[in-house]
Each structure stands twice: as structure tokens, then as C-alpha cells.
Amino acid sequence: MDLMKDFFLEANPNPERIGCPEERTLRALAEDRLPASHPARLHLASCSECFAEFRGFRGDWEQSRKARRRIIGWAVAASLIVATGIGTWKYQHSRAAQIAVVQMAAAKPVNANVDLFNAGTIRGEDDDANALKQVSLPPAIVKLSVTLPRFSESGRYGVLVSRDKFGNEVLAKGSGDAVANAGKVIVGVTLDLRAAKPGAYFLATVRGSDNGMYYYPVQISHGAP
């Protein structure tokens, strides 16, 4: 094929450019914008000068097409990268939103009540004979209303949840003012039990002016109300 092209470049000299088509026609032929039957295409076989111009225009056009294909390829690759990045961002954003919802749900206080009015107490190292039947609390931020045992006095109380009856491994603690209401003394505190694992713990109450703590068994459970 190259030998044939070299042949047409030298075989038909036409220095006077007799019957040659216009440059724009040769360019259109080189860029395949004219039909194969166009008369100018036949002229190329009989005019080395026109064939040389045609070859030049053809080379420029092919180089331009290659450059456009590279640009299109880069654009497609870039769009894929952007699409992948957007997809990843959307997934991460959605995941972050889901985590935020879970965290918000965990941070939303849960109301709970513990009624110790008729309960016995476990003070210090005393026996468990008068232990309260276990109550359950959720592993969340709990707005706890504690009805204190019969004959309790009003005043400042501390409330805590610990692993044992000696106040070791305290999971959460809070304080509030106990007030009398309809013959009962009630104290409200907020306890953050989100870090608590399900299991058995002790709920302790202590009056501000009293050094003694009174303990009641409590269960941390995911199914707690």
C-alpha cells in the first residue's frame, strides 16, 4: 500500500495544476466528507500534486481524530472516576447518616421508673435476704424516677449503678432532690447507661447527709422498656 502511495506521488506530475480541484475539495475528500464517486477522487489518480496535498490533509485529519479519541477516552475515564467518587461519597454519607440516626436514638433519653417503696434494702455488706425483685433498665441515657423506700426523707440524693455492692466499677451516677408526693418520696436523676453491657448490676441510693448506701439489684437489658 505504501509503495502504491509513493507511486502516485511521483507518477503523474502536474506542475501547472491543470484541472486541479480547490483546496477545500481536497480537504473534504481527505476527511471523508464527499462520496466515493466524487470526480475529484478520480483526479487524484492523475495528479501527483493533488495526491500529495490529499495525503497531507488525510494525515492531519487522522491525527486530529486520534487526539479526539484520546480526549474522549480521558473524559470517559474521568467521568467514571467522578461517578465512582460520587457513589462512594453517597454511600459514606448515607452510612454516616445511618450512624448518626443510631447515635441520636441512643442519645435520646428514655424514661424509666423504679419503685422501691415496699422494698427491703441491702446496706453495705448485709445479707441479700431483703433484696428487691430485680428491675430492668435499658443501655441508654435514662431519665430515672426512683420512688424511695417507705419512711425515706426528702432532700438531696445520689443514685448510681455499679457492678457490685461496694460501689466498684461505677457505670453511671447522678443526683437530684427527692420530694414528697402523695405520701411517697421520689427523686429524679439522669443516668448514662449506654456503655453498660447486658447483665446484673446494683442500683444504689445515698442521702446527701448519710454516708451509707442502700443497694438494690438491677438488670441491664436491651429488651428493657
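Since this is a predicted model, take the numbers as computed values, not measurements.
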> What heavy-atom pair brings Cys20 and Cys47 nearest, and what distance separates the two atoms?
Replying inline: SG-SG, 3.7 Å

>> Ignoring hydrogens, what is the shortest heavy-atom contact between Ser162 and Tyr215? Give both atom names and the distance.
In response: OG-CE2, 4.1 Å

> Looking at side-chain heavy atoms only, is the closest gap between Thr190 and Val142 below 4.5 Å?
Replying inline: no

> Got a second to check how far Leu137's CG is from Gln219's CD, nearest 0.5 Å?
Replying inline: 10.0 Å

> Side chains of Pro139 and Arg194: closer than 4.5 Å at any heavy-atom pair?
Replying inline: no

> Under the side-chain contact (heavy atoms from CB on, under 4.5 Å) criterion, do Tyr157 and Leu148 qualify, and how do the steps go?
Replying inline: CA-CA 10 Å; Tyr157 279 80; Leu148 297 172; 3.5 Å; yes

> In the single-linkage hydrophobic clustering (I, L, V, M, F, W, Y; side-chain heavy atoms under 4.5 Å), do Ile186 and Tyr216 co-cluster?
Replying inline: no

> Salt bridge between Arg58 and Asp32, side-chain N to carboxylate O under 4.0 Å?
Replying inline: yes

> Of the non-hydrogen atoms in Gly174 and Leu191, which two are nearest, and what is the gap between them?
Replying inline: N-CD2, 3.5 Å

>> Hydrophobic cluster membership, with links at side-chain heavy-atom distances under 4.5 Å among I/L/V/M/F/W/Y: are Val146 and Val179 in one?
In response: no

> About how many Å separate CD of Glu23 and CZ of Phe54, when rounded to the nearest 0.5 Å?
Replying inline: 14.0 Å

>> For Arg17, is there an ion pair with Glu49 - N to carboxylate O distance below 4.0 angstrom?
In response: no

> Does the pair Leu193 and Ile141 meet the rule for a side-chain contact (heavy atoms from CB on, under 4.5 Å), with working shown?
Replying inline: CA-CA 6 Å; Leu193 299 173; Ile141 297 177; over 6 Å; no

> Rounded to the nearest 0.5 Å, what separation is found between the CG atom of Asp192 and the CG atom of Leu171?
Replying inline: 10.0 Å

> At their closest point, which heavy atom of Thr25 faces which heavy atom of Ala40, and how far apart are they?
Replying inline: CG2-CB, 3.8 Å

>> Are Phe51 and Leu34 linked, directly or through intermediate hydrophobic residues, by side-chain heavy-atom contacts shorter than 4.5 Å (ILVMFWY only)?
In response: yes

>> Working note: Arg33 + Arg27, criterion side-chain contact (heavy atoms from CB on, under 4.5 Å); need CA distance, chi angles, decisive distance, verdict.
In response: CA-CA 9 Å; Arg33 291 186 284 111; Arg27 188 180 295 276; 4.2 Å; yes

> Are any side-chain N or O atoms of Ser79 and backbone N or O atoms of Ala75, one a donor and one an acceptor, separated by less than 3.5 Å?
Replying inline: yes

>> Nearest 0.5 angstrom please: Lys197 NZ to Ser221 OG, how far?
In response: 15.5 Å

> How close do Val189 and Ser175 get, heavy atom to heavy atom, and via which atoms?
Replying inline: CG1-C, 3.5 Å

> Rounded to the nearest 0.5 Å, how far apart are OG of Ser46 and CG of Asn12?
Replying inline: 6.0 Å

>> For Val159 and Leu203: C-alpha separation, side-chain torsions, deciding distance, then whether side-chain contact (heavy atoms from CB on, under 4.5 Å) applies.
In response: CA-CA 7 Å; Val159 178; Leu203 176 71; 3.5 Å; yes

>> Here's a test for you: under side-chain contact (heavy atoms from CB on, under 4.5 Å), which of Arg55, Glu31, Glu53 qualifies with Leu26?
In response: Glu53

>> So which atom in Phe202 and which in Arg163 form the shortest heavy-atom distance, rounded to 0.1 Å?
In response: CD1-O, 3.8 Å

> Judged by atom type as modelled, is there a donor-acceptor pair below 3.5 Å linking the side chain of Thr84 to the main-chain atoms of Leu80?
Replying inline: yes

>> Taking Leu44 as the starting point, is it possible to reach Trp61 by hopping between hydrophobic residues whose side chains are less than 4.5 Å apart?
In response: no

> Between CG of Asn111 and CG of Leu144, what distance do you get to the nearest 0.5 Å?
Replying inline: 10.0 Å

> Between Thr147 and Asp115, is there a donor-acceptor pair closer than 3.5 Å when you use the side chain of the first and the backbone of the second?
Replying inline: no

>> Could you see if Phe117 belongs to whatever hydrophobic cluster contains Val185? Use Ile, Leu, Val, Met, Phe, Trp, Tyr and a side-chain cutoff under 4.5 Å.
In response: no

